[in-house]
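Proteins get letters first, then strands, A, B, ... in listed order; numbering begins at 1 in each.
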Number of protein chains: 2
Amino acid sequence: MIGRLNHVAIAVPDLDAAAAQYRDTLGAEVGPPQPEPDHGVTVVFITLPNTKIELLHPLGADSPINGFLEKNPSGGIHHICYEVDDILAARDALKASGARVLGSGEPKIGAHGKPVLFLHPKDFTGTLVELEQA
Amino acid sequence: MIGRLNHVAIAVPDLDAAAAQYRDTLGAEVGPPQPEPDHGVTVVFITLPNTKIELLHPLGADSPINGFLEKNPSGGIHHICYEVDDILAARDALKASGARVLGSGEPKIGAHGKPVLFLHPKDFTGTLVELEQA
């Protein structure tokens, strides 16, 4: 079912500092900050040869990562995203296996303009897993 | 400096259950458990088309992930590993930038038989970063 690792998302308290560290210290290809008001985050994409890192910073009082940064003030790995060919088929198979899909269970359009779903971390070894239809 | 994302490591409380979930529910290519006594872990490698997931489970009373699983009983993402061409040059550049290298600062031979180092999470947005000479 799952294909490529689309990205690893890291929540950070200081987006400029984290972007500068990946660009200047780690020598990676770092994009500009992209506000994603529909998702309550500002994102910086880091392009590695085989996948992406997404730096996430809260945008707005209702950002879904405010709570994460309260618990992890230095930041931390927030989620990993796997690609799937058919997100509805993946969802239905996962639900049939007993896994919980977060929210309404209907895919939303993610930061890359593609349908995404999140799975309950308690059902996946404590890991927040995003599925994205590639 | 950094190249490919070599792997994402996920610490899990039940290695068989996690391996079965990735194999049967998520349909991924899952290898057999590999004891790594020198590292205090048993590892299951999951091969994705573009990178790997490593499931880590403690091996022995002194396992370096015992503490992580005490704090995160359901498991969780433990570290990410970036490839570098020259681990000593990478280490020296990072130390010059003020980042702390864990342990003695000398590379050890990692689970893949290649030299690795770990960087202090407080210096990298709360993320434990492994560097592996590819």
Checklist entry - What distance do Leu5(B) atom CG and Leu5(A) atom CG have between them, rounded to the nearest 0.5 Å? => result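 Separation between the atoms: 6.5 Å.
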Next on the checklist: What's the separation between atom CD1 in Ile53(B) and atom CD1 in Ile2(A), rounded to the nearest 0.5 Å?
Outcome noted: 7.0 Å
Looking at [options], which one has more heavy-atom pairs under 4.5 Å with chain B than the rest?
{"options": "Gly27(A), Pro121(A), Gly76(A)", "value": "Gly76(A)"}
{"options": "Val8(A), Ile77(A), Val12(A)", "value": "Ile77(A)"}
{"options": "Ala28(A), Ala99(A), Ala17(A), Gly75(A)", "value": "Gly75(A)"}

Item to check | Portion of Leu26(A) that has a non-hydrogen atom of chain B nearer than 4.5 angstrom | outcome: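 Backbone plus side chain of Leu26(A), per the 4.5 Å heavy-atom cut-off to chain B.
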Can you hop from [X] to [Y] via hydrophobic side chains spaced under 4.5 Å?
{"X": "Ile87(A)", "Y": "Val101(A)", "answer": "yes"}
{"X": "Val30(A)", "Y": "Met1(B)", "answer": "yes"}
{"X": "Leu88(A)", "Y": "Leu131(A)", "answer": "yes"}
{"X": "Ile80(B)", "Y": "Val44(B)", "answer": "yes"}

Next on the checklist: Please identify, among Ala93(B), Pro13(B), Gly126(B), the residue contributing the most non-hydrogen atom pairs under 4.5 Å to chain A.
Outcome noted: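 The option with the most such pairs is Gly126(B).
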Item to check | Hydrophobic cluster partners of Leu56(A) (side-chain heavy atoms under 4.5 Å) | outcome: Val41(A), Val43(A), Phe45(A), Ile65(A)
Checklist entry - Which residues, ordered by chain and number, are linked to Leu128(A) in its hydrophobic cluster, where ILVMFWY side chains connect at heavy-atom gaps below 4.5 Å, directly or through other members? => result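 Its cluster mates, by chain and number, are Leu102(A), Phe118(A).
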Next on the checklist: Quick check on Ile10(B) against chain A: is it the side chain, the backbone, both or neither that has a heavy atom closer than 4.5 Å?
Outcome noted: side chain
Next on the checklist: Restricting to side chain to side chain contact (heavy atoms under 4.5 Å, CB included), what partner residues turn up for Pro37(A), sequence neighbours left out?
Outcome noted: Pro35(A), Leu59(A)
Between chain B and chain A, are any donor-acceptor pairs under 3.5 Å, and how far apart is each one to 0.1 Å?
| from | atom 1 | to | atom 2 | distance (Å) |
| --- | --- | --- | --- | --- |
| Met1(B) | N | Leu26(A) | O | 3.2 |
| Ile2(B) | N | Leu26(A) | O | 3.0 |
| Leu5(B) | N | Asn50(A) | OD1 | 2.9 |
| Leu5(B) | O | Asn50(A) | ND2 | 3.0 |
| Gln21(B) | NE2 | Asp123(A) | O | 2.5 |
| Tyr22(B) | OH | Tyr82(A) | OH | 2.7 |
| Leu26(B) | O | Met1(A) | N | 3.2 |
| Leu26(B) | O | Ile2(A) | N | 3.0 |
| Asn50(B) | O | Asn50(A) | ND2 | 2.8 |
| Asn50(B) | OD1 | Leu5(A) | N | 2.9 |
| Asn50(B) | ND2 | Leu5(A) | O | 3.0 |
| Asn50(B) | ND2 | Asn50(A) | O | 2.8 |
| Ser74(B) | O | Gly126(A) | N | 3.3 |
| Gly76(B) | N | Thr125(A) | O | 3.1 |
| Tyr82(B) | OH | Tyr22(A) | OH | 2.7 |
| Asp123(B) | O | Gln21(A) | NE2 | 2.5 |
| Thr125(B) | O | Gly76(A) | N | 3.1 |
| Gly126(B) | N | Ser74(A) | O | 3.4 |

Next on the checklist: Ignoring hydrogens, what is the shortest heavy-atom contact between Pro49(A) and Gly3(B)? Give both atom names and the distance.
Outcome noted: CD-O, 3.3 Å
